[in-house]
2 protein chains.
Amino acid sequence: MTRTKTRDLIEEKADDLFYENGFEATSFADIADAVGISRGNFYHHFKSKDDILDAVIDRRLSKTARMLESWDADKLPKARILSFIRILLTNQTKIMAFGCPVGTLTTELAKLDHIAQSRAAEVFTLFRDWLTDQFHALGHGDESASLALHLLGRSQGIAVMASAYRDETYLRAEVTALEDWLDTVTTKLR
Amino acid sequence: MTRTKTRDLIEEKADDLFYENGFEATSFADIADAVGISRGNFYHHFKSKDDILDAVIDRRLSKTARMLESWDADKLPKARILSFIRILLTNQTKIMAFGCPVGTLTTELAKLDHIAQSRAAEVFTLFRDWLTDQFHALGHGDESASLALHLLGRSQGIAVMASAYRDETYLRAEVTALEDWLDTVTTKLR
DNA sequence: ACATATCTAGGACATTTGTCCTAATTTCTG
DNA sequence: CAGAAATTAGGACAAATGTCCTAGATATGT
């Protein structure tokens, strides 16, 4: 198999496992098993566990950036924010089982006092800046940044509670509440 | 040392370590070192790691119940809810470093597929039911339960974002926003 | 087609993990 | 005070961890 293919496969499986089982709880053996390669082969592609973590974070950063760009392409600001809110519904099953991938990873890395924590939080920054742009486009001026952070926090809270209780009704109700909030906030301007 | 004293000390240190470093990342050796006893002695008090986890959860449950009772004793419903909101300020430093102890533990246990996950979530239930009572007392009727869950989710989101960015300004702004929300919600009734 | 670089498997390694055992010490009880 | 019970220390144990090494297989470039 070509280099990039195996590397990519490792990153993909590691990404999944870090999300579903946590970074600390995922061992080299777990990833190697999931990929179907030997443990030894591993070190040809990644020379340490932190190396894989870096790659997984990179992967998530570019995946997120691509998603935001695709929303930029064919939507209006308010619809874009709605797309963000509705990630909670799109990924409902996984979120109820494992929470938000971004929030849970940064939380875990904070506890581990891991150097990569701030890099993991950059995924949040991607969303935050993008959301700030959207609120700006809607004419919210200086408020835009705090609206973006507020929305990010609301989503995180929903993810935490939805997974704690595995409660779909709560999740849906809160998504609706967020959509209402967006309506209120965007119509308050005129 | 008497049985209860050592047991208590172990629980206390385990509680702290689980919070600050995570459950999985905390080893027996870590706890034993923190308490200052030998690893062997450990198994006289707790026969497995899950045993300590159970004890720590019990501890948190009763600690939480006691706190809520103390608020019941000398406050009015709205002031009680305000006390809840202001936990975020009271425990600001720890929350910015390690997130919310309840949210982060349930999240981790969900990923580990751990049997104790639902018991850990009972701390949320304590808060939820108590908050529901307060909203009831304020005359919110059937809305009370979802208001309680909403407030719980908002707090969780704030804890996640505050620790992701270690951002005190955000935390304070969002607490103020929550206080405003409480005002709006409670005055909307008349 | 051959030399070179890349990839792969399998195992070695020291360390750490959770768990358990034994023997000594302390504390309690009659 | 003597005997029983509870507590403690220290180490043994297998399994798992992250890391590294070697030797064979595969692919690549000329």
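Nothing here was measured: the structure is a model prediction, and the numbers come from that model. Every chain is numbered from 1 and lettered A, B, ... according to where its sequence line falls, protein lines coming before strand lines.
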From CG of B/D51 across to P of C/dC20 the rounded distance in Å is 11 Å
Please report, rounded to the nearest Å, how far the P atom of C/dT19 is from the CG atom of B/D50.
7 Å
Does a side-chain N or O from B/N41 land closer than 4.0 Å to OP1 or OP2 of D/dT7, or not?
no
For B/R80 and B/Q134, indicate whether the former's side chain and the latter's backbone hold a donor-acceptor pair under 3.5 Å.
no
May I ask you to evaluate whether A/T6 reaches the phosphate of C/dT8, defined as a side-chain N or O under 4.0 Å from OP1 or OP2?
yes
For D/dT8 and B/H45 - does any side-chain N or O of the residue sit under 4.0 Å from the phosphate oxygens OP1/OP2?
yes
Under 4.0 Å: is that the gap between some side-chain N or O of B/H44 and OP1 or OP2 of D/dT8?
no
A/K49 NZ to D/dC20 P, in whole Å, measures 15 Å
Using modelled atom types and a 3.5 Å cut-off, is there a donor and acceptor pairing between side-chain atoms of A/Q156 and backbone atoms of A/C100?
no
Within the pair B/Y43 and C/dC20, is there a side-chain N or O less than 4.0 Å away from OP1 or OP2?
no
Is the distance between the ring centroids of B/F84 and B/F127 under 6.0 Å?
yes
Send over the distance from B/K47 NZ to C/dC21 P, rounded to a whole Å.
14 Å
Is the A/F23 to A/H114 ring centre distance short of 6.0 Å?
yes
Output the residues of residues 17-39 of chain B in contact with DNA chain C, where contact means a heavy atom of the residue under 4.0 Å from an atom of the strand; sort by number or write none.
B/T26, B/S27, B/F28
Round to a whole Å and report the spacing from CZ of B/F42 to C1' of C/dC20.
15 Å
Can the positive tip of A/R60 be found less than 6.0 Å from the middle of the six-membered ring of A/F18, inside 45° of the ring normal?
no
Considering the options A/V56, A/I31, A/I57, which one meets the side chain to side chain contact (heavy atoms under 4.5 Å, CB included) requirement together with A/D15?
A/V56
Atom CD1 of A/I52 and atom C1' of D/dG18 are separated, to the nearest Å, by 10 Å
